[in-house]
Amino acid sequence: MPKSFFKKYNELIFTSVSSAEDSLLISAANTIRETCRAGNKIILIGNGGSAAMASHVEVDLTKAANCRAINFKDPDLLTFF
């Protein structure tokens with residue numbers, strides 16, 4: 001792939017994260033932290049590339065944050081609930 005693709009992709013991600021309201025990011029982080037401290041489980045869902053991201057976050061939460069997490073990436077599970 002051309003370098004320009006990756007440059008544009010990185011700029012898009014940076015712009016998206018930079019434009020998010022700090023209070024929403026802090027609120028999300030606090031909710032995840034409180035859920036983990038209470039011994040509850042974080043449930044992640046994704047489809048396509050988002051499924052890969054959800055899987056990565058699941059591993060990070062489980063290994064690095066010692067938080068219980070599960071990833072529903074099977075299409076049958078996405079519509080089960």
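Side-chain atoms are counted along with the backbone in the values below, which use heavy atoms only and exclude waters and symmetry mates. Every value quoted in this text rests on a predicted model; they were computed, and no experiment measured them.
Scanning for side-chain contact (heavy atoms from CB on, under 4.5 Å) contacts around K8 gives an empty result, with sequence neighbours left out. A search for side chain to side chain donor-acceptor pair (under 3.5 Å) contacts involving N40 returns nothing, not counting sequence neighbours. Residues meeting the side-chain contact (heavy atoms from CB on, under 4.5 Å) test with E21, sequence neighbours left out: S23, L24. Remark: A69 pairs with I42, L44, E58, L61, T62 by the side-chain contact (heavy atoms from CB on, under 4.5 Å) rule, at least two apart or across chains. Partners of N30 according to the side chain to side chain donor-acceptor pair (under 3.5 Å) rule, which considers only residues two or more places apart in sequence or in another chain, are R33.
Taking OG of S55 as the start and CD1 of I70 as the end, the distance is 11.5 Å to the nearest 0.5 Å. Rounding to the nearest 0.5 Å gives a distance of 9.5 Å between CD1 of I43 and CZ of R68.
Counting only residues at least two apart or on different chains, the disulfide (SG to SG under 2.5 Å) pairs with a member in residues 7-69 are C36-C67. Residue pairs meeting the side chain to side chain donor-acceptor pair (under 3.5 Å) criterion with at least one member in residues 9-19, sequence neighbours excluded, do not occur.
The hydrophobic cluster of M53 has no other members, since no ILVMFWY side-chain heavy atom comes under 4.5 Å of it.
Among all heavy-atom pairs drawn from A54 and G46, the shortest one is CB-N, 4.3 Å.
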